[in-house]
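Bear in mind that the values here come from a model prediction, so they are computed numbers and not experimental data. Numbers here simply count residues along the sequence, with the first being 1. We use all heavy atoms of the structure for the numbers below, so side chains are in, but hydrogens, waters and symmetry mates are not.
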Amino acid sequence: GWEVAGREAWREHFSTMRALNLGFGGDSTQHVLWRLAHGELDNVHPKVVVLHIGTNNARHSEATPPQIAAGIRAIIESIHAKAPGAKVLLHAIFPRGAEASDPWRQRCLEINKLLPALADGQRVHFLDLGAKLTNADGTIGKEIMPDLLHLSAQGYGIWAGAIRPKIEALLSAP
């Protein structure tokens, strides 16, 4: 969605960074793994890879949270095999559904509990932006996620503003 709802946030935060968006709507872990195995990072030498994946696995598959986390781990391993010098900024799955009690949000939270273990603070860094995308009572406003899943322009602005300092820090770290 960076090319549509997130266009302005991308231009403001990332246009000077030589950033490349390889995300696709509807992606699941197996799609990313296939693209990585079939050349997506060949001859590309990223310093930082921002990884946000898993919500479609949570909603559209019967995979368990540990299986989904294992798929995310496999993506990280593939990224490091293709781009050994890259640091990965791994996101928690964004909240979805209007209320904190939404069953799909709860499923994503189960997966998110497993993701910090994939980060080592050196090559993989974990970031959970869920609190920035929800109201104090845990609800999601339609101004942030109009369909309670996909970000609006305002939501992309929040995302971009939150990750830019992290990306800059990772780019400047040895």
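The list of salt bridge (Lys or Arg N to Asp or Glu O under 4.0 Å) pairs with a residue in residues 29-45, not counting sequence neighbours, reads Asp27-Arg35, Arg35-Glu40, Asp42-Lys82. Pairs engaging residues 46-71 under the salt bridge (Lys or Arg N to Asp or Glu O under 4.0 Å) rule: none recorded [sequence neighbours left out].
In this structure Gln30 satisfies the side chain to side chain donor-acceptor pair (under 3.5 Å) test together with Asn57, sequence neighbours excluded. The side chain to side chain contact (heavy atoms under 4.5 Å, CB included) search around Glu8 returns Arg11, not counting sequence neighbours. Taking the ring pair (Phe, Tyr, Trp, His ring centres under 6.0 Å) definition, one finds that His38 meets it with Trp34, sequence neighbours left out. In this structure, Lys87 has no side chain to side chain donor-acceptor pair (under 3.5 Å) partners at least two apart in sequence or on a different chain. With sequence neighbours excluded, the residues that form a side chain to side chain contact (heavy atoms under 4.5 Å, CB included) with Pro146 are Ser152. When the side chain to side chain donor-acceptor pair (under 3.5 Å) test is applied to Asn43, no partner is found at least two apart in sequence or on another chain. Partners of Asp147 under the side chain to side chain contact (heavy atoms under 4.5 Å, CB included) rule, at least two apart in sequence or in another chain, are Leu149, His150. With sequence neighbours excluded, the residues that form a side chain to side chain contact (heavy atoms under 4.5 Å, CB included) with Gln106 are Leu109.
Contact annotation: the side chain of Leu127 approaches that of Leu89 to within less than 4.5 Å [non-hydrogen atoms, C-beta and beyond]. When side chains are defined from C-beta on, His60 does not count as touching Ser28, because their heavy atoms never get closer than 4.5 Å.
A donor-acceptor pair under 3.5 Å is absent between the side-chain atoms of Ser78 and the main chain of Ala74, judged by distance alone. Distance alone, capped at 3.5 Å, is enough to place a donor-acceptor pair between the Arg107 side chain and the Ala58 backbone. Under the 3.5 Å distance criterion, the side-chain polar atoms of Asp120 are matched with a main-chain donor or acceptor of Arg123.
Atom CD of Glu143 is surrounded by more than 12 heavy atoms from other residues, nucleotides or ligands within 6.0 Å.
The heavy-atom pair separating Gly97 from Arg105 by the smallest distance is O-NH2, 2.7 Å. Residue Pro95 comes nearest to Thr134 through the heavy atom pair CG-CG2, 3.6 Å, listed as atom of the first residue, atom of the second, then distance. The minimum heavy-atom distance linking Glu110 with Pro65 is given by the pair OE1-CG, 3.5 Å. Residues Cys108 and Thr55 share a closest heavy-atom pair of SG-OG1, 4.0 Å.
Both Met145 and Leu129 sit in one connected hydrophobic cluster of ILVMFWY residues. Membership requires side-chain heavy atoms under 4.5 Å apart, directly or through other members. Leu148 and Leu151 fall within a single hydrophobic cluster, where Ile, Leu, Val, Met, Phe, Trp and Tyr are joined by side-chain heavy atoms under 4.5 Å apart, directly or via other members.
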### Message
With ring pair (Phe, Tyr, Trp, His ring centres under 6.0 Å) as the criterion, how do Tyr156 and Trp10 come out once you've worked through the C-alpha distance, each side chain's angles and the decisive distance to 0.1 Å?
### Response
CA-CA 8 Å; Tyr156 274 99; Trp10 183 274; 9.6 Å; no
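Counting Ile, Leu, Val, Met, Phe, Trp and Tyr side chains that sit under 4.5 Å apart, directly or through other members, Leu22 shares a hydrophobic cluster with Leu20, Val32, Leu33, Leu36, Leu41, Val44, Val49, Leu51, Ile53, Ile68, Ile72, Ile75, Ile76, Ile79, Val88, Leu90, Ile93, Ile111, Leu115, Leu118, Val124, Phe126.
Rounded to the nearest 0.5 Å, atoms CZ (Phe94) and CG (Leu133) are 5.5 Å apart.
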Can you list, pair by pair, the side-chain donor-acceptor contacts under 3.5 Å of residues 158-171, counting residues two or more places apart and other chains?
unit_1, atom_1, unit_2, atom_2, d
Trp159, NE1, His91, NE2, 3.0
Arg164, NE, Glu168, OE2, 2.8
Arg164, NH1, Glu12, O, 3.4
Arg164, NH1, His13, O, 3.0
Arg164, NH2, Glu168, OE2, 3.2

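Between Phe24 and His31, the ring centre distance reaches or exceeds 6.0 Å.
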